[in-house]
Amino acid sequence: MTDIIEKARSKLKEIIIEELSKLNWPELPINSDPPEGDLSVICFPAAKEMKKAPEEIATELAEHLLKETSIKEIETVNGYCNITINWIELMPEILDEISTENFGRGEKKNKEILIEHTSANATGPLHIGRARNPIIGDTMARLFDFSGYQVKTEYYVNDIGRQACTLAYGIENHPNEEGGKIDYQLVECYKKGTADLEENEKAKKEIYDLMEECEGGVEESLTRVNGASKKVLEGMKISLDRLGVTPEIFTYESELITSGAVQRVVTLLQKSSLCNEEEGALYLDLEEKGIAGRNQKFFFTRKNGLSLYTTRDVAYHMNKFERCDEALNILGEDHKLQGKLLTIALQEISQPVPKSMFYSFVSLPGGKMSTRAGRVVYLDEMMDEAVLLAKREIEKRRKDIVGKSLEELSEKIGIGAIRYNIIRIQSDKGFKFKWEEALNFEGDSAPFVMYSHARAASILKKIKRENNEVVIPKELHLSELKLIRTLMKFPSIVTEATERMKPHKIPYYLQTLSSNFNKFYRDCPVVETEYEWFRKELVISTKKVLFEGLEILGIEAPETM
RNA sequence: GGGCCUGUAGCCUAGCCUGGAAGGGCGUCUGGCUUCUAACCAGAAGAUCCAGGGUUCGAAUCCCUGCAGGCCCGCCA
């Protein structure tokens, strides 16, 4: 992506540096993203050497630079020399760039990235703590796609192991037909199964036997357990779908056993020089990898020879890399150590390693989320609340929106608000869930951004003239300048958010863009004015960037609201 | 005990990688809808950037030491 402004900035920087050396002044740092203007020369460092106040240096420098035609104006504040580029002369190029179809989109890369997200144990309905995973994962998938990668999304289903076996046992021994949606229905079976596991020796043995059979690859047992997980998963998928998240591939842990992939990993790990044995169980000694203490022994088989979760995870990643060039995992922070061990194991057998993004947990005002203590907010519940509130808000201000349109719009706004409010927070920051924040429809929120988009759409609808005269104003209104400046940042924001895996950059950017657009349409009338053509171009571009920014967040941008 | 992460106005949050003017939002107070939709806009008040030390002309940002909170430390998943 050619960046006109970046070029203009670099050129101007060179000019400034040249001027400084001509004047025989010390070289000064230049800020390329100052709070005011486009470039800012920081004059403090020269103060001592020149025996002058920074403010005085700034003023003098400004006088020397003013003759430069690419500079629109210079303001000196507290020893900063703030330079505004002459945007008008760049305007034709800028308009060209921001109006291209692919503005902000990364060039097509011939790289397939597989993003694994959610992968929650299929034992019951998703709650809002877990909801952070699909929202981050889906947003990253959209970001990578927008940046030009070929993206696949995948949900890893842990359909063997204690939880899955307990579920299968629960369904068979405590059938339940009540409770509506299937994941709510079956979680009751799971709860009863868990109670049995804890209190009833016979049940415990049955569940542990089932686990062993699964790990050992007994087909009938695998089918039983996999079937149970799949049922609950159906319910979870409905919730995810409503959130706008639809993982493309579901990979089942059991498949890794039946395909022999796990066994192959065990064989590979056995050949490692780090491999040791203790009472028949195999482990890697990680001392030389800098891991000491309790985690030093990384077991990959049990004394009965069966595999462990991490062993299967190694197999899973080898399987993944047969299907992609890069892998990204979205995981809760409780998986950090696990991720580290996985990486070491993969490296030990010369396999590629995945990237990981970890997020902190969501708690409730009463404390940690706990199904047992009845302290949970389900994702479904939250979506219902948000959509209902959105509906009430629409009814308050738009009597003309009714019926199906009302339902659809409420859905877009309610779901959008949730996604926005979760993704806006940096992922390694934990937070307490509060209804009033989750349901915020003002300020830094999805509806705020959506509203700006709808206003842009509305302005465009009011433009009647078709072949407007192309007129670029001789002066830009400050609100126009700030809007254009913000628009031009979009490509670099997308790149940064993708590459540094910081999806929260997008809502932050959209908030700023919306805010600048709102000020623009307050200050600069568009319809039936001398500058209708020019401003219409700005509105079109803003609308498109808002639309695409929201799309990256998985939020639909309505034409009216 | 060890490891990782977080700490910024009453509340939420950006900035930390790459040092240079503490940015948004909620809430509070004041003002603005006969003029492209007021989910908006303008203005005000509100910050010892967890504490202490170090490096630097300059530290929210880098380094060290604490403190507080979260997460992890099984031949579980």
Side-chain angles (χ1 to χ4, degrees), chain A residues 28-31 34-36 40 42-49 54 77-80 82 121 158 160-164 211 253 278-283 291-295 297 299-310 312-313 332-338 340 358-361 363 368 390 393-394 396-398 413 417 421 424-432 434 436-437 440-452 454-463 500 502 504-505 507-508 511-512 514-515 518-519 521-529 535 539 560-561:
Chain A
L28 292 169
I30 301 167
N31 180 356
E36 295 299 333
S40 181
I42 300 159
C43 299
F44 306 97
K48 211 180 204 177
E49 194 179 323
V77 196
N78 305 322
Y80 294 92
N82 294 331
N121 279 322
N158 303 113
I160 56 180
R162 194 174 55 216
Q163 291 193 60
M211 273 166 68
E253 197 175 356
E278 190 177 294
E279 292 176 44
L282 300 173
Y283 68 91
I291 294 187
R294 284 191 258 187
N295 303 320
K297 291 178 185 175
F299 282 91
F300 62 94
T301 69
R302 294 194 236 192
K303 62 183 165 203
N304 62 9
L306 294 173
S307 65
L308 284 130
Y309 172 80
T310 317
R312 299 194 287 269
D313 212 11
E333 62 175 339
D334 54 335
H335 281 70
K336 274 189 182 174
L337 176 61
Q338 158 71 15
K340 205 172 177 179
F358 298 99
Y359 59 89
S360 289
F361 289 118
S363 63
K368 271 206 280 183
E393 293 296 320
I394 300 163
K396 234 192 272 175
R397 40 199 118 206
R398 296 289 300 267
I413 293 172
N421 272 303
R424 62 180 260 269
I425 294 168
Q426 202 179 331
S427 59
D428 46 14
K429 214 155 175 165
F431 66 93
K432 264 198 184 72
K434 289 179 197 131
E436 67 269 29
E437 280 165 23
N440 173 32
F441 285 5
E442 283 166 14
D444 191 6
S445 72
F448 177 87
V449 178
M450 294 162 99
Y451 181 72
S452 295
R455 289 296 301 266
S458 162
I459 291 170
L460 294 178
K461 268 178 225 152
K462 292 223 154 61
I463 292 175
R500 293 179 59 201
K502 289 182 177 290
H504 69 275
K505 298 258 173 207
Y508 181 73
Q511 209 277 334
T512 311
S514 303
S515 178
N518 296 349
K519 285 165 197 164
Y521 73 62
R522 173 202 63 195
D523 293 334
C524 306
V526 180
V527 181
E528 301 292 323
T529 63
R535 290 178 176 163
V539 177
T560 184
M561 68 185 274

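Just so we're on the same page: letters track the sequence lines, and every chain starts at 1.
Atom P of B:A59 sits at a distance of 16 Å from the matching atom of B:C63, rounded to the whole Å. Using atom C1' as the reference point in both B:G24 and B:A14, the two lie 7 Å apart (nearest Å). For the P atoms, the distance from B:C16 to B:G23 is 15 Å, rounded to whole Å. With P as the reference atom, B:G19 and B:U61 are 12 Å apart, rounded to whole Å. Nucleotides B:G58 and B:U65 place their C1' atoms 23 Å apart, quoted to the nearest Å.
Side-chain N/O atoms of A:Arg455 include none lying less than 4.0 angstrom from OP1 or OP2 on B:C36. A sub-4.0 Å separation between OP1 or OP2 of B:U37 and a side-chain N or O of A:Ser458 is present. Neither OP1 nor OP2 of B:C4 sits under 4.0 Å from any side-chain N or O of A:Lys340. Look at A:Arg397 and you'll find a side-chain N or O under 4.0 angstrom from OP1 or OP2 of B:A39. Within the structure, a side-chain polar atom (N or O) of A:Lys519 is placed less than 4.0 Å from OP1 or OP2 of B:A42. The phosphate of B:G15 has OP1 or OP2 within less than 4.0 Å of a side-chain N or O from A:Lys505. Between A:Lys432 and the phosphate of B:G69, there is no side-chain N or O to OP1/OP2 separation shorter than 4.0 Å.
By the 30° and 60° cut-offs, the orientation of the rings of A:Tyr283 relative to A:Phe299 is tilted.
Aromatic rings of A:Phe361 and A:Phe431 (six-membered ring for Trp) have centroids beyond the 6.0 Å cut-off, not under it.
The CD1-P distance, from A:Ile394 to B:U37, rounds to 17 Å in whole Å. Rounded to whole Å, the distance from CD on A:Gln426 to C1' on B:U8 is 12 Å. The NZ-P distance, from A:Lys396 to B:A39, rounds to 10 Å in whole Å. Between the C1' atom of B:C71 and the CZ atom of A:Phe358 lies a distance of 11 Å, rounded to the nearest Å. Atom pair A:Asp444:CG and B:C11:P shows a separation of 18 Å (rounding to whole Å applied). Rounded to whole Å, atom C1' of B:U35 lies 14 Å from atom CD of A:Glu528. Nucleotide B:G27 holds its P atom 14 Å from the NZ atom of A:Lys434, rounded to whole Å.
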Base versus backbone protein contacts along nucleotides 72-77 of chain B [heavy-atom cut-off under 4.0 Å; B, S, -]: SB-BBB

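Summarising the base pairing, B:G52 is matched to B:C64 through a Watson-Crick or G-U wobble pair whose two defining distances lie under 3.5 Å.
In the model, A:Asn518 has a side-chain atom that pairs as donor or acceptor with a side-chain atom of A:Ser452 under 3.5 Å.
Distance from the side chain of A:Tyr451 is smallest for B:U37 among the nucleotides B:U37, B:C57, B:C12.
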